[in-house]
Amino acid sequence: MSDIHVVVLAAGKGTRMKSRLPKVLHEAAGLPLIDLVLRAADSLAPQSTTVVVGHFADQVKSALGKRLGLRFALQEPQLGTGHALMQAEPHLRGSSGTVVLLYGDVPLLRTATLRSLVDTHRASHAAATVITARMDDPRGYGRIVRTNGRIAAIVEDKDATEAERRIDEINSGIYAFDLGPLFASLASLRAANAQGEYYLTDLVRTYADRRLTVETLKLEDSREITGVNSRKELADVTAILNARRNEALMTAGVTIVDPTSAWIGPDVSVGPDTIIHPNVHLEGRTRIGSGCVIHASVRIVDSSVDDGVVINNFCVITESHIASGARVGPFAHIRPLSEIGEGAHIGNFTEIKKTTVGRGSKANHLSYLGDTTIGDQVNIGAGTITCNYDGVRKHQTVIEDGAFIGSDTQLIAPVTVHAGAYVGTGTTVREDVPSGALAVSAGKQRNIEGWVEKKKKKR
Ligand code: UD1
Ligand code: CA
């Protein structure tokens with residue numbers, strides 16, 4: 001079993017977000033910040049993961065409730081990062097190995113970076129290893145003070161001297177610790193500083209005094225340790241995550257016309273030779289096959305789209321399946337639990353709900369099809385409406401293979417149009433239509449001669 005224990009600090013208030021939602025639950029590119037951090041942590045296959053919560057503790061805990069095996073430690077009140085880590089001690093007492101400390105609001109860390117943190121830490125048999133980076137504008141961060149090239153202390157911006165403020169190597173706040181000396185050393189921290197907090201960073205000096213080795217891992221790309229403190233930073237982080245995601249998809253053979261406006265969630269898959277046009281949103285557990293074209297301004301949520309499908313502009317598709325070779329849109333709304341068959345066509349201003357459309361069937365214009373089973377090679381005329389709701393209950397409509405529904409038809413469910421039957425234009429279908437029959441309901445047309453002339457005279 002792995003001897004890595006992950007601790008994620010997430011007790012802070014996040015004042016600058018100006019939000020009623022805890023900061024770590026704000027989403028970036030389809031996932032809450034804390035989930036992004038936990039996913040990166042999962043890649044280390046840790047023996048345990050502890051989240052330190054404080055502000056909004058209940059909200060954070062219930063949002064993470066679905067994750068199995070997560071432990072929580074409550075930090076109340078919040079007396080600084082060192083104090084936060086102390087709260088995890090009861091969970092880790094008696095364990096040995098490496099603690100990897102992460103922040104719930106630092107979501108860009110790559111798996112490979114966490115791996116090399118652990119590798120560096122172990123190879124050097126250090127008591128602590130800190131991820132650092134050089135920054136053009138290091139303001140606000142703790143600075144890495146070195147003597148003879150080795151890290152000697154971390155000084156917080158608010159406590160730094162003029163000379164220390166000029167140091168451009170900063171503390172990421174991400175560390176690996178050997179569990180051995182950790183909690184005993186934390187207990188010796190004092191809050192004698194500008195913020196009156198127990199600084200985790202003071203551990204570096206404590207370790208130096210005790211002749212315990214502290215190592216650093218200096219990152220090439222300082223963006224990886226960007227923290228989210230404001231909505232502006234949330235947008236920055238979102239853009240970076242999105243660019244990474246789209247780059248990976250393009251490498252795998254997907255054409256993305258404008259990577260800045262394609263929003264493809266972390267759990268979405270897209271097959272090679274699919275073309276994604278601008279302003280496309282693919283969300284949740286969506287799966288897109290290969291050789292598809294997704295035109296501009298389409299949103300697809302928790303759906304699966306097979307190979308060679310064309311989704312035209314301005315469609316919304318939710319919890320549905322589109323089989324290969326089908327064409328959908330423009331302006332179509334495919335609502336949950338629908339199934340569009342192979343080679344079927346769903347055209348403009350057509351709404352489909354809880355409905356199966358068979359192979360090669362067409363509903364090209366202005367229709368509502370709800371709670372309906374449509375067979376193969378069926379033609380649904382313009383303006384066809386299934387009246388599935390009687391004000392109390394929903395009812396089923398069945399339209400069997402090869403049936404032809406004329407334009408402006410209302411099908412009053414429950415009702416069945418049997419295989420090959422025809423329904424004339426403008427029919428209100430209240431009763432089943434047998435195979436081979438033509439259903440018509442409108443009366444005979446009457447033309448009243450001279451009617452217009454008479455009406456004008458009256459005025
Ligand atoms: C911290 C570091 C600083 C580093 C910077 C990197 C310290 C003293 N300073 O500063 O050297 O450059 O991160 O981003 O460690 N938290 C708690 N409980 C608390 C306080 C904080 O859980 O009592 C959590 C916050 O929710 C957050 C993280 O710890 O996830 C960092 O806290 P924050 O107050 O933002 O630290 P910084 O001042 O940014
Ligand atoms: Ca911070």
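Every number for a ligand or one of its atoms is a count from 1 in the order of the listing.
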### Message
Can you tell me if Gly54 contacts ligand 1 (heavy atom of the residue under 4.0 Å from the ligand)?
### Response
no
### Task
Indicate yes or no: does an N/O atom of Ala11 lie under 3.5 Å from an N/O atom of ligand 1?
yes
### Query
Relative to ligand 1, is Gln75 under 4.0 angstrom through side chain, backbone, both or neither, heavy atoms considered?
side chain
### Query
Got a sec, which residues hit salt bridge (charged side-chain N to carboxylate O under 4.0 Å, His left out) with Arg139, two or more places apart in sequence or on another chain?
Asp137
### Task
Please list, chain by chain and in numerical order, all residues satisfying salt bridge (charged side-chain N to carboxylate O under 4.0 Å, His left out) with Lys232, sequence neighbours excluded.
Asp236
### Query
Would you say Gly80 touches ligand 1, if touching means a heavy atom closer than 4.0 Å?
yes
### Message
Given Leu200, Val37, Asn171, identify the one with the heavy atom nearest to atom 12 (O) of ligand 1.
### Response
Asn171
### Query
Among the heavy atoms of Thr201, does any lie under 4.0 Å from an atom of ligand 1?
yes
### Glu156 contact mode with ligand 1 (heavy-atom cut-off under 4.0 Å)
side chain
#### Entry: Check: Gly173 N/O within less than 3.5 Å of ligand 1 N/O
no
### Query
For the side chain to side chain donor-acceptor pair (under 3.5 Å) test, which of Asn171, Asp157, Asp168 pairs with Arg143?
Asp157
### Query
Considering all heavy atoms of both residues, which atom of Ala28 and which atom of Leu33 are nearest to each other, and what is their separation?
CB-CD2, 3.9 Å
### Side-chain (Ser2) to main-chain (Ile4) donor-acceptor, under 3.5 angstrom
yes
### Summary
Going by the 4.0 angstrom heavy-atom rule, the piece of Leu79 near ligand 1 is backbone
### Query
Which of the atoms of ligand 1 are close to Ala84, meaning less than 4.0 Å from one of its heavy atoms?
17 (C), 18 (N), 22 (O)
### Message
Using a strict threshold of under 4.0 Å (side-chain N to carboxylate O), is an ion pair present between Glu169 and Arg146?
### Response
yes
### Task
Begin from the C-alpha positions of Leu74 and Val53 and carry the test side chain to side chain contact (heavy atoms under 4.5 Å, CB included) through to its verdict.
CA-CA 5 Å; Leu74 183 67; Val53 292; 4.2 Å; yes
### Query
ligand 1 and Thr81, any nitrogen or oxygen pair closer than 3.5 angstrom?
yes
### Task
Might you point out which heavy atoms bring Ile225 and Ile131 nearest each other, and give the distance in Å?
CG2-CG2, 4.3 Å
### Message
Gly142 versus ligand 1: do any nitrogen or oxygen atoms come within less than 3.5 Å of each other?
### Response
yes
### Message
Under the criterion side chain to side chain contact (heavy atoms under 4.5 Å, CB included), I'd like the reasoning laid out for Gln75 against Leu9: C-alpha separation, chi angles, the key distance, then a yes or no.
### Response
CA-CA 10 Å; Gln75 187 199 15; Leu9 302 191; over 6 Å; no
## Note on the structure
Counting from 1 in the order shown, the ligand 1 atoms closer than 4.0 Å to a non-hydrogen atom of Ser172 are 6 (C), 14 (O)
### Query
Can you list the ligand 1 atoms lying under 4.0 Å from a non-hydrogen atom of Gly12?
17 (C), 22 (O), 25 (C), 26 (O)
